[in-house]
Amino acid sequence: MTSEYLWWQDGTVYQIYPRSFQDSNGDGVGDLNGIRQRLDYLQGLGVDAIWLSPIYPSPMYDFGYDISDYVDIDPVFGTLAEFDQLVAEAHARGIRVVLDMVFNHTSHLHPWFLDSRSGRDNARRDWYLWRDPGPDGGPPNNWESTFGGKGWEYDAGTGQYYYHQFLKEQPDLNWRNPEVRAKLMEVLRFWLDRGVDGFRFDVVMSFFKDELYRDNPPALTGPTALLRAFDRQQHLYDRDRPEMTDVLAEMRALIDEVPGRAAVGEVDDLDMALRFVGPDRLHLAFNFDFLLTRWLPRLFMEAIQRYDGKLPAEAWPSYVLGNHDRDRLATRFGAGPFSDARAKVAAALLLTQRGTPFIYYGDELGMVNTPLSRDEILDPPGKLYWPLYQGRDPVRTPMQWSADAYAGFSANSPWLRVHPDYANRNVAAHEADPASVLNAYKALLAMRRSSPALRRGTTRFLVKRPVEGLAYLREAPEQTLLVALNFFGWAVDLRLDGPLPANHWKLRYSTASTDVPRIMGNRMRLQPFEAVILEPV
Ligand code: NOJ
């Protein structure tokens, strides 16, 4: 095993949603200078890299995931000079910077699309996916938009439809066009030359669609009354096409020109993740299984085992407990009086896995979804599906720094309301409380950094049919650690099925006790919501 510390493999990545992290100029929207002012906090937290959701010029129909210029900064976030300063100051603290690259689509106001739309014979017409109407004059095929409604928009000016996997303000690029491909590779080079350490590729599985534009067949299973028609189809033809292999190799070669850079791809599921990582593909693909797992130890164990079993040896795992698209973990696992206790166990679960952990800003405070009224919702799918689905605004509200006005996020009213619990749930309060969620994250991150077993060790589960909690060994040549997690609010005796490799243990960390748990025969006693890490003596 190599002992070289690789940030994207041994380290932890922290996702910042720039609009909501720190506002430095009082316009109610977070910005790059704000992030820069908070670098000391991030260094103290102990993360290795920050991933910034899109910061490029955008009309903000999808809050930056609709880019109108790939090689500049939106004025709401700052300037290129401020970006350079952020990168330099992050690097000075040992923090890498990862940019979000949205290459499946642009904004409908990107000059490329304006050209493309201007006429059938425009030189950029073929940069997007234009098709004649179907025989009935309707859309060319049955592809749906992920955000609801048809995936095709009719353009009266030129008498054709264009395809958009997301909003109609986010037309999909044509990756089969060599000029498009060359341009986007230039974009990567532009940011790499500016010193960024890697990329997060948005919906990387979607770049290529079926060349013949065949209809997707209906889904085989699942309720027929699902909210989105999108979910009632098998996505055979609108994504994950074989042509992608070659593009991945090209992107990888570019990124690898300087050692120590890395890319992570957003894909739909685990099987896809396997196709997108490898020596000629991406370094990492998100594993979203933890986002979909209910708070039951058996389900988490199975998710880990399923992943470990599938991933080829040369591919490195990742784990995600929260992001800007999903309910806050503290909300998913049950808001209420025990949500902080659960959030600490969840932190221990995430930070003791073999695989790069991704932390979503604010999850280290146990932030919960912010309740918003209909007229406060800005996210387009939330507007469309309210009240059945509120969209993603409730998980994108301002970071809670202090008990000051607007939680110390801004001097003025923020673009989304601050969660009303900020007076108690904020960085300042958590720093002062040794039992806070934040201090649990700090301790666990510090331990992960210094522990070869937590970073690279293999995982061996000790409770074969877990009901109340998990126990597992992380074993590396240099070190073994035992992790045990009680998922519930009562004391439990975990029954260990395998023999323990040692009789005497010392406490390295516990969320609930200052003593080594009592181990009697094959039973280990854990306190309510206790997460414990032990090392043999
Ligand atoms: C996936 C991103 O995570 C999401 O936030 C965005 O809306 C879509 N891709 C479209 O870019």
Side-chain angles (χ1 to χ4, degrees), residues 13-21 51-70 74 98-110 113 128-129 143-149 151 153 162-173 175 184 187 199-207 209 228 230-231 235 238-240 263-269 272-273 276 282 284-288 291-292 318 320-328 358-361 369 377-385 389-397 415-416:
V13 183
Y14 183 91
Q15 182 189 356
I16 291 179
Y17 195 71
R19 295 181 73 83
S20 294
F21 198 59
W51 144 34
L52 310 182
S53 281
I55 49 176
Y56 323 98
S58 164
M60 303 283 171
Y61 284 82
D62 191 17
F63 296 98
Y65 284 91
D66 49 325
I67 297 172
S68 54
D69 181 354
Y70 284 102
D74 193 282
V98 174
L99 287 187
D100 213 318
M101 276 299 154
V102 188
F103 278 0
N104 175 68
H105 45 268
T106 67
S107 158
H108 69 311
L109 299 182
H110 194 297
F113 188 70
Y128 293 83
L129 303 172
W143 298 352
E144 297 283 339
S145 155
T146 311
F147 283 164
E153 180 71 10
Y162 66 87
Y163 175 68
H164 57 92
Q165 196 197 313
F166 296 91
L167 300 173
K168 67 179 187 332
E169 292 83 9
Q170 294 168 295
D172 281 38
L173 284 159
W175 269 88
L184 295 175
V187 169
F199 301 106
R200 174 259 187 199
F201 287 109
D202 191 68
V203 291
V204 72
M205 75 287 171
S206 295
F207 292 7
K209 289 85 180 161
R228 299 183 301 175
F230 181 88
D231 295 319
H235 293 281
D238 54 353
R239 59 189 51 202
D240 194 19
V264 54
E266 183 197 26
V267 292
D268 271 357
D269 57 40
M272 244 183 238
F276 280 79
L282 302 180
L284 295 170
F286 286 131
N287 164 12
F288 289 150
L291 292 171
L292 308 170
S318 77
V320 180
L321 261 183
N323 68 23
H324 62 299
D325 292 328
R326 306 295 179 122
D327 284 343
R328 288 272 178 192
F358 285 80
I359 298 175
Y360 183 50
Y361 86 94
N369 283 12
I377 297 289
L378 303 174
D379 187 28
K383 286 184 173 172
L384 182 64
Y385 290 121
Y389 172 61
Q390 305 183 10
R392 300 161 296 177
D393 297 321
V395 308
R396 297 174 173 180
T397 57
W415 73 289
L416 285 176

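Source: prediction; values computed, not measured. Remember, it's 1-based here, ligands and their atoms both numbered in the order they're listed.
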List the protein residues in contact with ligand 1, where contact means a heavy-atom separation under 4.0 angstrom.
Asp62, Tyr65, His105, Phe147, Phe166, Arg200, Asp202, Val203, Glu266, His324, Asp325, Arg392, Arg396

Quick check with a 6.0 Å cut-off and a 45 degree axis cone: is Arg326 positioned over the face of Tyr389's six-membered ring?
no

Testing Tyr65, Phe63, Phe358 for ring-ring contact (aromatic ring centres under 6.0 Å, His included) with His324, which one passes?
Tyr65

Partner set under side-chain contact (heavy atoms from CB on, under 4.5 Å) for Ile16, not counting sequence neighbours:
Tyr14, Pro18, Phe21, Ile35, Leu42, Ile50, Leu52

Residue set satisfying side chain to side chain donor-acceptor pair (under 3.5 Å) with Tyr360, at least two apart, ordered chain then number -> none

Pairing residues for Tyr61 by the ring pair (Phe, Tyr, Trp, His ring centres under 6.0 Å) criterion, not counting sequence neighbours
His108

Tell me if the aromatic rings of Phe113 and Tyr162 count as close, with their centers under 6.0 Å from one another.
yes

